[in-house]
Amino acid sequence: MPELPEVETTVRLLRPHLEGRVLGQVRVHWLRTLGGMSVAAFARSLRGARVRSLHRRAKYIVVELERDGAPGGALVVHLRMTGRLYVDPAHVPADPFVKVEVELDNGHWLRFLDVRKFGRFEYSNPAASLLPELGPEPLGPEFTPEWLQGALKQRRRRIKPLLLDQGFLAGLGNIYVDEALHQAGIHPLTIAARVDRSRSDRLHAAIQATLSAAIEREGSSFDRFYRTPEGNPGSYQHQFQVYGREGLPCRTCGRVIERMVVGQRGTHLCRHCQKR
DNA sequence: AGCTACTCCTGGTAGC
DNA sequence: TGCTACCAGGAGTAGC
């Protein structure tokens, strides 16, 4: 599932292919990918616009556009579960699961492949107010050990659903939450306000270490869905300590990794390393 | 405030 | 072999 490291990898590898390009015609093969927007409005918004910059906010890919040197709104893409964004030469036939295509002015097409159809494109001009309320970036300057401790203190929620809440902290998903909680030695059902300062500091370090290491390895690919824009799998799945390791020995203590359901999410933990 | 349940989706797979 | 039922899950929403 694309989370922060996978989206960051997508943006980094896509950037050189998109920045400076002028957009042409569009093809839409699944209407709901556009949310409520009509194909005509979508095509009008993109055609003739130049890509000014590409960046990531939380799990969103933000494509800033311009027209005649002035701001031209923004295209925002969320990959959700199975979305992939990449560039193909025009002569390469589109994969049957491609839902949206955008022509570039260099003989290539930007393609959005999405087997489960949860991914979304949005366009807004001006670019502001397109994203929902989001918490700080875990790898940004706002996310300090002090901020985390203070924010946890005010919450009575269980730590795992809280960390998955994009309005609390932006970019984490099911995999990296499980990994970070294990690395910090925190049980996923712990009430946030009861996480003490030393555990909170460990959690802060674990979140940053996990995400940074995953970005270095271009994300995690453990099924056929996530691939980089170059078509390669990431390799962080080989570093997983708990995710998908139910029944296998914990790499820290040797006890068996268990799986439980927390907030409708599969949750992996070592009961010995992560006591309540 | 925070919980559960439900929706959107479909390929893969477990069970028979 | 071939069928069905169920599963994964990010985010939004409804209802308690």
Side-chain angles (χ1 to χ4, degrees), chain A residues 1-11 28-37 56-62 76-85 95-100 112-122 124 129-135 137-138 150-181 188-195 207 211 214 219-227 233-234 237 240 242-247 257-269:
Chain A
M1 328 294 118
E3 303 179 24
L4 189 154
E6 290 76 25
V7 179
E8 179 65 26
T9 300
T10 297
V11 166
V28 179
H29 309 289
W30 184 252
L31 272 180
R32 298 190 73 146
T33 302
L34 301 187
M37 184 172 30
R56 178 191 61 75
R57 170 73 175 114
K59 300 175 200 170
Y60 295 89
I61 297 164
V62 181
V76 172
V77 180
H78 198 302
L79 305 175
R80 293 285 185 99
M81 305 295 302
T82 58
R84 283 166 59 182
L85 204 56
D95 182 286
F97 292 111
V98 166
K99 303 295 184 249
V100 177
F112 180 65
L113 182 156
D114 188 20
V115 171
R116 287 188 193 157
K117 303 177 175 174
F118 284 164
R120 290 292 176 265
F121 275 51
E122 285 181 87
S124 169
S129 78
L130 196 53
L131 299 177
E133 287 287 314
L134 293 165
E137 284 289 327
L152 292 179
K153 273 275 167 281
Q154 298 169 27
R155 300 304 208 101
R156 302 274 143 198
R157 291 177 76 179
R158 301 171 302 180
I159 189 77
K160 166 144 183 177
L162 181 63
L163 293 177
L164 284 174
D165 184 342
Q166 302 299 296
F168 178 77
L169 184 63
L172 290 177
N174 204 40
I175 296 169
Y176 296 107
V177 166
D178 280 5
E179 292 296 316
L181 286 175
L189 295 178
T190 307
I191 299 300
R194 297 217 195 103
V195 175
I207 289 170
L211 294 176
S220 308
S221 301
F222 48 87
D223 54 28
R224 66 206 178 80
F225 294 124
Y226 170 69
R227 294 294 181 272
Q237 66 278 9
F240 287 171
V242 286
Y243 188 83
R245 299 195 67 246
E246 181 186 8
I257 300 297
E258 293 176 41
R259 183 181 185 279
M260 60 193 291
V261 175
V262 180
Q264 280 87 245
R265 296 283 173 267
T267 297
H268 311 76
L269 75 156

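In what follows, chains are A, B, ... by sequence order, proteins preceding strands, each numbered from 1.
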Asks: Please tell me whether A:T267 and A:K160 have a donor and an acceptor in their side chains that are separated by less than 3.5 angstrom.
Replies: yes

Asks: A:K99 and side-chain contact (heavy atoms from CB on, under 4.5 Å): which partner among A:L31, A:T33, A:V115, A:L113?
Replies: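 The residue from A:L31, A:T33, A:V115, A:L113 that satisfies side-chain contact (heavy atoms from CB on, under 4.5 Å) with A:K99 turns out to be A:T33.
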
Asks: Indicate for each nucleotide in nucleotides 9-16 of chain C, in 5' to 3' sequence, whether protein heavy atoms under 4.0 Å reach the base (B), only the sugar-phosphate (S), or nothing (-).
Replies: BBBS----

Asks: Should the ring pair A:H78 and A:Y60 be called parallel, tilted or perpendicular, given that the plane angle runs from 0 to 90° and is split at 30 and 60?
Replies: perpendicular

Asks: Strictly below 4.0 Å: does A:R158 bring a side-chain N or O up to OP1 or OP2 of B:dC3?
Replies: yes

Asks: Just how far, in rounded Å, is P of B:dC8 from NZ of A:K99?
Replies: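 Atom-to-atom, A:K99 to B:dC8, this comes out as 17 Å.
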
Asks: Could you give the CZ-to-C1' distance, from A:R157 to B:dC3, as a whole number of Å?
Replies: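 A:R157 atom CZ is separated from B:dC3 atom C1' by 9 Å.
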
Asks: Could you say whether A:K117 or A:R156 is positioned toward the 5' end of DNA chain B, judged by the nucleotide with the nearest heavy atom to each?
Replies: A:R156

Asks: Nearest whole angstrom, please: distance from the C1' of B:dC9 to the CZ of A:F97.
Replies: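 Atom CZ in A:F97 sits about 12 Å away from atom C1' in B:dC9.
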
Asks: Expressed as a whole number of angstroms, how long is the span from A:I191:CD1 to B:dA1:P?
Replies: 16 Å

Asks: Reckon A:R224 touches a base, only the sugar-phosphate, or nothing at all at heavy-atom distances under 4.0 Å?
Replies: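 Sugar-phosphate contact only - A:R224 comes under 4.0 Å of backbone atoms but never of a base.
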
Asks: How is A:F225 classified with respect to the nucleic acid when contacts are heavy atoms under 4.0 Å: base, sugar-phosphate, or nothing?
Replies: nothing

Asks: Indicate yes or no: does A:R265 engage A:D178 in a salt bridge with an N to O separation below 4.0 Å.
Replies: no

Asks: Please check if the number of heavy atoms outside A:I191 that lie under 6.0 Å from its CD1 is greater than 12.
Replies: yes

Asks: Side chains of A:E6 and A:Y176: any donor to acceptor distance under 3.5 Å?
Replies: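 A:E6 and A:Y176 do have a side-chain donor-acceptor pair below 3.5 Å.
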
